[in-house]
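Small disclaimer: the values here were computed from a predicted structure and weren't measured.
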Number of protein chains: 2
Amino acid sequence: MILSRASQYAIQAVILMAMQPQGTFVLNRDLAEQLNVPAPYLAKVLQALVRGNLLYSSRGRNGGFCLREGVEKVDLMQILLHLEGPQFTDACLLGLKECTDETACPIHKQWKPIKHKLARVLRTETPGKLARAVKTGKYRLADLPMSML
Amino acid sequence: MILSRASQYAIQAVILMAMQPQGTFVLNRDLAEQLNVPAPYLAKVLQALVRGNLLYSSRGRNGGFCLREGVEKVDLMQILLHLEGPQFTDACLLGLKECTDETACPIHKQWKPIKHKLARVLRTETPGKLARAVKTGKYRLADLPMSML
DNA sequence: TTTAAAGAGGAGTTACATATCTACAAGTAG
DNA sequence: CTACTTGTAGATATGTAACTCCTCTTTAAA
């Protein structure tokens with residue numbers, strides 16, 4: 001039902017970067033401010049994506065982060081696999097360590113297709129698509145400021 | 001993607017109790033052993049269900065816990081609402097606090113039907129149904145012992 | 001060359017879910 | 001009544017995700 005905060009921040013950040021003209025370096029500070037998330041923590045998440053070869057980073061003045069070529073077309077699942085375990089879509093709803101078609105918990109049969117639908121969405125959506133969705137103005141990336149709630 | 005451990009233990013426990021003849025009191029100790037979960041922690045979870053009027057408890061010899069009348073026909077959602085917040089099915093995949101049809105994150109449209117399918121399963125399944133499923137022998141409640149993996 | 005601005009990396013802190021411990025209250029059986 | 005067995009309640013401990021801080025290196029502008 002939930003992705004880790006790190007994953008959520010990562011997806012938000014790559015969408016925001018995909019909204020920039022290709023090759024634009026964006027500061028961690030600016031990403032954090034626009035997404036309204038803690039900057040030092042976001043930095044760690046971005047560093048993990050750099051190590052996963054999803055982002056370029058550049059130090060010093062005019063530094064920052066930007067998507068590697070083609071990453072705007074990479075599906076979200078590829079990005080999440082760098083942050084969650086390799087089999088985070090395998091989780092059993094009841095928490096059993098071993099829950100497969102052969103040895104299944106009593107709700108496995110109903111849970112499995114739902115898991116698969118989510119996995120399908122994550123394999124379908126990309127930073128580029130979602131960036132375009134945000135640009136239409138119908139969707140938004142960050143929480144609204146308190147004044148608007 | 002995940003229920004809290006407390007919720008997972010709760011569901012497992014009510015299924016196990018639903019497998020007993022109606023009105024049978026079961027010891028916390030025996031539930032914990034059969035489910036292979038920590039007994040003191042399970043006790044806390046069961047106490048919460050007692051406070052939620054889902055279980056009877058009885059102290060002293062021949063004591064234990066048993067389902068209140070009709071609880072074997074109560075859907076899992078009702079049970080979970082006592083342990084997770086009232087709106088745990090509302091969660092935004094990206095973690096936004098406010099994510100509704102009107103102010104939506106870019107993946108809201110794809111995530112919403114999946115959330116609803118899970119909610120539907122949780123409102124359809126009951127301890128009684130799942131207990132019968134386990135009794136067929138095709139499904140199991142607890143993790144297999146190490147010797148079987 | 002100096003200086004400021006950025007990311008990198010590691011250690012430390014906090015908050016919360018999970019798990020445990022201890023003392024107690026309530027019930028049962030003899 | 002006494003002894004034993006069970007759940008109850010509150011305090012405490014542990015583990016982990018989330019978050020912060022400090023120092024270092026790299027880069028580029030002045």
Handout entry: Exceeds 12 heavy-atom contacts within 6.0 angstrom, atom CD of B:Gln20
Key =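 Yes - once you tally the heavy atoms of other residues, nucleotides and ligands closer than 6.0 Å, there are more than 12.
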Problem - Crowding at CZ, A:Arg68 (>12 non-hydrogen neighbours, <6.0 Å) - result: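 Check passes, neighbour count above 12.
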Handout entry: Partners meeting ring-ring contact (aromatic ring centres under 6.0 Å, His included) with A:Tyr56 (sequence neighbours left out)
Key =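 Not a single residue meets the ring-ring contact (aromatic ring centres under 6.0 Å, His included) criterion with A:Tyr56.
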Exercise for the section: Mind checking ring-ring contact (aromatic ring centres under 6.0 Å, His included) for A:Phe65 and listing every partner two or more places apart, or none if nothing turns up? Expected result: none
Practice task
Answer yes or no: is there a donor N or O on one side and an acceptor on the other, between the side chain of B:Asp143 and the main chain of A:Lys97, under 3.5 Å?
Solution key: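 Indeed, once roles are kept as given, a pair shorter than 3.5 Å links the two residues.
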Looking for any heavy atom pair under 4.0 Å, which part of the strands does [X] touch: base, sugar-phosphate only, or nothing?
X	answer
A:Pro40	base
A:Leu27	sugar-phosphate
B:Tyr56	nothing

Handout entry: Closest-nucleotide 5' rank along DNA chain C - winner of A:Val50 and A:Arg61
Key =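 The residue mapped nearer the 5' terminus is A:Arg61.
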Completion exercise
Closest to the 5' end of DNA chain D, once A:Ala6 and A:Gly60 are matched to their nearest nucleotides, is A:Ala6
Atom-to-atom span, [atom1] of [X] to [atom2] of [N] - whole angstrom:
X	N	atom1	atom2	answer
A:Leu42	D:dC19	CG	P	11 Å
B:Leu49	D:dT8	CG	P	11 Å
B:Gln47	D:dG10	CD	C1'	11 Å
A:Ile2	D:dA17	CD1	C1'	13 Å
A:Phe25	D:dT26	CZ	C1'	13 Å
A:Asn28	D:dT20	CG	C1'	13 Å

Can you tell me if [X] touches the phosphate of [N], counting only side-chain N or O atoms and a distance under 4.0 Å to OP1 or OP2?
X	N	result
B:Asn62	D:dT6	no
A:Tyr9	D:dC19	yes
B:Ser57	D:dT8	yes

Problem - Pair of N/O donor and acceptor under 3.5 Å linking D:dA18 base with A:Lys44 side chain - result: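 Not at all, since no donor on one side and acceptor on the other fall under 3.5 Å apart.
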Exercise for the section: State, yes or no, whether a side-chain contact exists between A:Leu118 and A:Thr89 at a heavy-atom distance under 4.5 Å. Expected result: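 A side-chain contact is absent here, since even the closest heavy-atom pair is not under 4.5 Å.
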Completion exercise
Of the listed D:dT6, D:dA9, D:dC19, the closest approach to the B:Arg59 side chain comes from D:dT6
Fill in the blank from the handout: Contacted region of DNA chain C by chain B, from 5' end to 3' end of the hits, cut-off under 4.0 Å to heavy atoms, spans C:dT18 to C:dA29
Problem - Pair A:Lys112 + A:Asp101, salt bridge at N-O below 4.0 Å - result: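 A salt bridge is present here (some side-chain N lies under 4.0 Å from a carboxylate O).
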